[in-house]
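No experiment lies behind these values; they were computed from the predicted model shown. In what follows, chains are A, B, ... by sequence order, proteins preceding strands, each numbered from 1. Note that these values count all heavy atoms, side chains included, but never hydrogens, waters or copies made by symmetry.
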Amino acid sequence: MSKTPQAIRGTQDIFGPDAEAFAFVVETFERVRKLYRFRRVEMPVFEKTEVFARSIGETTDIVSKEMYSFEDRGGESLTLRPEFTAGIARAYLSNGWQQHAPVKLATHGPLFRYERPQKGRYRQFHQIDAEIIGAAEPQADVELLAMADQIIRELGIDGVTLHLNTLGDGDSREAWRAALVEHFRAVKDELSEDSQERLEKNPLRILDSKDRRDMAFVADAPKIDDFLTDEARGFFDAVTSGLDAAGVKWTRAESLVRGLDYYRHTAFEFIPDEGSEAAGKLGSQSTILGGGRYDGLMEGLGGAPTPAVGWAAGIERLAMLVEPAIEQTELVFLPDEESDKLPCVQLIRVLRESGISCDMAFRKPSRKDYDKAKKAGSYRAIAVGKIADEFLTIRIRDLNIDSAPKVRGRLREALEARFHVVENKATREFRIFNR
RNA sequence: GCGAUCGUAGCUCAGUUGGUUAGAGCGCCGGUUUGUGGUACCGGAGGUCGCGGGUUCGAACCCCGUCGAUCGCCCCA
């Protein structure tokens, strides 16, 4: 412990089943986003600090105390990205992606936030992210949410529900906000300490409070529905009827607000149902996917008004809910003789090229390798020998045969493409000759 | 930023009110046995008990600090 450097607090080294789960989430995301025709984008991991400060909101916790910011050698303030949306918006403006509008974009990678680590929360964490930029139509919201829903379902995650709300357009949101401030200010002294502070910084957040003292006042607080313009209401109705048509289950969450300044209209989170297995696995960091419409963001970065919707989901959180099928080694080669290793290398190459997963130890083969291969979950071993003048004789031996896929036919086919093969079904041996 | 719990072999942990050379299982290495090479047994290596300081004749154990982990608050994915 003394001299070996430790990993930075809040970062993690992921290996084994956790790493497989992580990869499964990313692979599923990549597969589904292609079905929905979202285009892959890559952006820098760091940006000028102002990119985030101007778009996320100066007063948010993310900007005011959670950013990893530093000066580069030129004295410029840079920041490790705490989220994707701001960087994507910047890229959209600086590269003139308006020409492609409306664009459906997808990306994934690491994000950085200086927070106290806990379950499902890390200082370097990872998200999958999807955005539709340049579309003001509610159909874009539907498209985006339909993909989110399908990804979660294809990950095999149950007991998670889409919570949906509208914050209205800019005017609706401001009027509602003002009414909420008025409502809560009247009872300020009876609110929790946290909510008294929220009243100044982020009054919408009071609606989310877990403190019992706030509940009563939240219950009779002004509702967004009373402040929606006809247009905003029509927009929300179009989103919900679109979701119904797409077969996406959702529930109205009147008090769901998103923390960041740029959200308008649609706001949503996928949250595990109370008491579900998923809720138990996640602990208190329960939102696995969140997002909304951010029609005001581009202007904050000096661009023309540009409508957009997006979401992000925590890969670590999704990975906690996922149980990917473990892919085991199909064939483990266990040559007795050192001199058989090279022929095995040649065979393995041929088999792998035909899609059979194979492995062989690097070191001098030991009788214990057979035991190890079985414990590691490999399906079959290949015993190797040489009877006479053939290239090699291999014999299939079952290890974990119960769940193993059929391989004999594929093995024979792959070998015959390159060698002359004589199969003995009784002994399960293949005598392999050069052609 | 606030609070709670916890740091003993590579991993999971035990260690009795403070008392000699700190233990187990798994894993690792070696050997014997077994044999359609999948078993069983024997042995071995490996820890300055997170780090620093204090109390004591004596600290893994008590006290303080520090670093880290875990969980919760805040906030968020």
(message) Taking B:C11 as the reference, what is the distance to B:C51 when you measure between their P atoms (whole Å, please)?
(response) 15 Å

(request) Answer with base, sugar-phosphate or nothing: what part of the nucleic acid does A:Gly16 contact at a heavy-atom distance below 4.0 Å? (result) nothing

(message) Taking the P atom in each of B:U34 and B:U39, what is the distance between them to the nearest angstrom?
(response) 15 Å

(message) For the CZ atom of A:Phe112 and the CZ atom of A:Arg123, what is their distance to the nearest 0.5 Å?
(response) 13.0 Å

(request) Mark yes or no for whether A:Asp214, through its side chain, and A:Leu191, through its backbone, hold a donor-acceptor pair below 3.5 Å. (result) no

Identify each atom pair where a protein N or O and an N or O of nucleotides 4-7 of chain B are less than 3.5 Å apart, giving names and distance.
none

(message) If I take atom CD in residue A:Gln118 and atom P in nucleotide B:C2, what distance separates them, rounded to the nearest angstrom?
(response) 15 Å

(message) Base, sugar-phosphate or nothing for A:Glu197? Non-hydrogen atoms, less than 4.0 Å.
(response) nothing

(message) For a quick check, tell me whether the side chain of A:Arg121 and the base of B:C75 share a donor-acceptor pair closer than 3.5 Å.
(response) yes

(request) Please report, rounded to the nearest Å, how far the P atom of B:C2 is from the CD atom of A:Glu193. (result) 17 Å

(message) Here's a test of your reading of the structure: between A:Lys119 and A:Leu289, which maps to the more 5' nucleotide of RNA chain B?
(response) A:Lys119

(request) Check the distance between B:U70's C1' and A:Gln12's CD and give it to me in whole angstrom. (result) 13 Å

(message) Give me the distance, rounded to whole Å, that separates B:U33 from B:C26 when you measure between the C1' atoms they each carry.
(response) 22 Å

(message) What's the gap between B:U5 and B:C76 when it is taken at their C1' atoms, as a whole Å value?
(response) 24 Å

(request) State whether the side chain of A:Glu115 and the backbone N or O of A:Glu66 hold a donor-acceptor pair below 3.5 Å, judged by distance alone. (result) no

(request) Say whether A:Tyr68 and A:Gln124, considering side chains only, have a donor N or O and an acceptor N or O under 3.5 Å apart. (result) no

(request) For the residue pair A:Lys104 and A:Arg39, establish whether any side-chain heavy-atom pair is separated by less than 4.5 Å. (result) no

(request) Could you state the atom-to-atom distance from CZ of A:Arg198 to C1' of B:G1 in whole Å? (result) 15 Å

(message) Any side-chain N or O of A:Ser284 below 4.0 angstrom from OP1/OP2 of B:C73?
(response) yes

(request) Between B:C67 and B:G31, how far apart are the C1' atoms? Round to whole Å, please. (result) 44 Å

(message) If I take atom CD in residue A:Gln127 and atom C1' in nucleotide B:C76, what distance separates them, rounded to the nearest angstrom?
(response) 9 Å

(message) What's the gap between B:C29 and B:G23 when it is taken at their P atoms, as a whole Å value?
(response) 24 Å

(request) Could you check A:Arg397 against A:Arg123 and say which one's nearest nucleotide on RNA chain B is further toward the 5' end? (result) A:Arg397

(message) Output the rounded distance in Å from NZ (A:Lys210) to C1' (B:C76).
(response) 10 Å

(request) For A:Arg349, look at atom CZ and say whether over 12 heavy atoms of other residues, nucleotides or ligands are found less than 6.0 Å away. (result) no

(request) Have a look at A:Gly120 and say if it touches a base, only the backbone sugar-phosphate, or nothing, with a 4.0 Å heavy-atom cut-off. (result) base

(request) Describe the nucleic acid contact of A:Arg113 in one word from base, sugar-phosphate, nothing, applying a heavy-atom distance below 4.0 Å. (result) base

(message) Checking A:Tyr92 against A:Glu131: is there a side-chain donor and acceptor pair closer than 3.5 Å?
(response) no

(message) Side-chain N or O of A:Thr287 versus OP1/OP2 of B:A77: is the shortest distance under 4.0 Å?
(response) no

(request) Walk me through it: do A:Arg293 and A:Asp295 pass the test salt bridge (Lys or Arg N to Asp or Glu O under 4.0 Å)? (result) CA-CA 6 Å; A:Arg293 182 161 275 279; A:Asp295 290 352; 3.1 Å; yes

(message) Once you apply a heavy-atom cut-off of 4.0 Å, does A:Tyr122 come out as touching a base, just sugar-phosphate, or nothing?
(response) base

(request) Compare the minimum distances between each of B:C75, B:C76, B:U70 and the side chain of A:Pro117, then state the nucleotide with the smallest one. (result) B:U70

(request) Could you state the atom-to-atom distance from CD of A:Glu66 to C1' of B:C73 in whole Å? (result) 13 Å

(message) Side chains of A:Phe184 and A:Leu207, heavy atoms from C-beta outward: is any pair under 4.5 Å?
(response) yes

(message) Can you check the distance between B:G68 and B:G50, where both ends of the measurement are the C1' atom (answer in whole Å)?
(response) 8 Å

(message) If I pick the C1' atom on B:G38 and the same atom on B:G46, what distance separates them, to the nearest angstrom?
(response) 29 Å

(request) Record whether the side chain of A:Arg317 comes under 3.5 Å of the base of B:C76 through a donor-acceptor pair of N or O atoms. (result) yes

(message) Donor-acceptor check, side chain of A:Arg198 to backbone of A:Ile206, threshold 3.5 angstrom: yes or no?
(response) no

(message) For RNA chain B, please output the secondary structure as dot-bracket, reading 5' to 3'. Pairs are Watson-Crick or G-U wobble, both atom distances under 3.5 Å; mark crossing pairs with [ ], other-strand partners with |, unpaired with a dot.
(response) (((((((..((((.....[...)))).(((((.......))))).....(((((..]....))))))))))))....

(message) Just checking A:Glu299: does its CD atom have more than 12 heavy atoms from other residues, nucleotides or ligands closer to it than 6.0 angstrom?
(response) yes

(request) Please state how far atom NZ in A:Lys281 lies from atom P in B:U70, giving the value in whole angstrom units. (result) 19 Å

(request) Before accepting this row, confirm whether a basic side-chain N of the pair A:Glu323/A:Lys281 lies closer than 4.0 Å to the acidic partner's carboxylate O. (result) yes

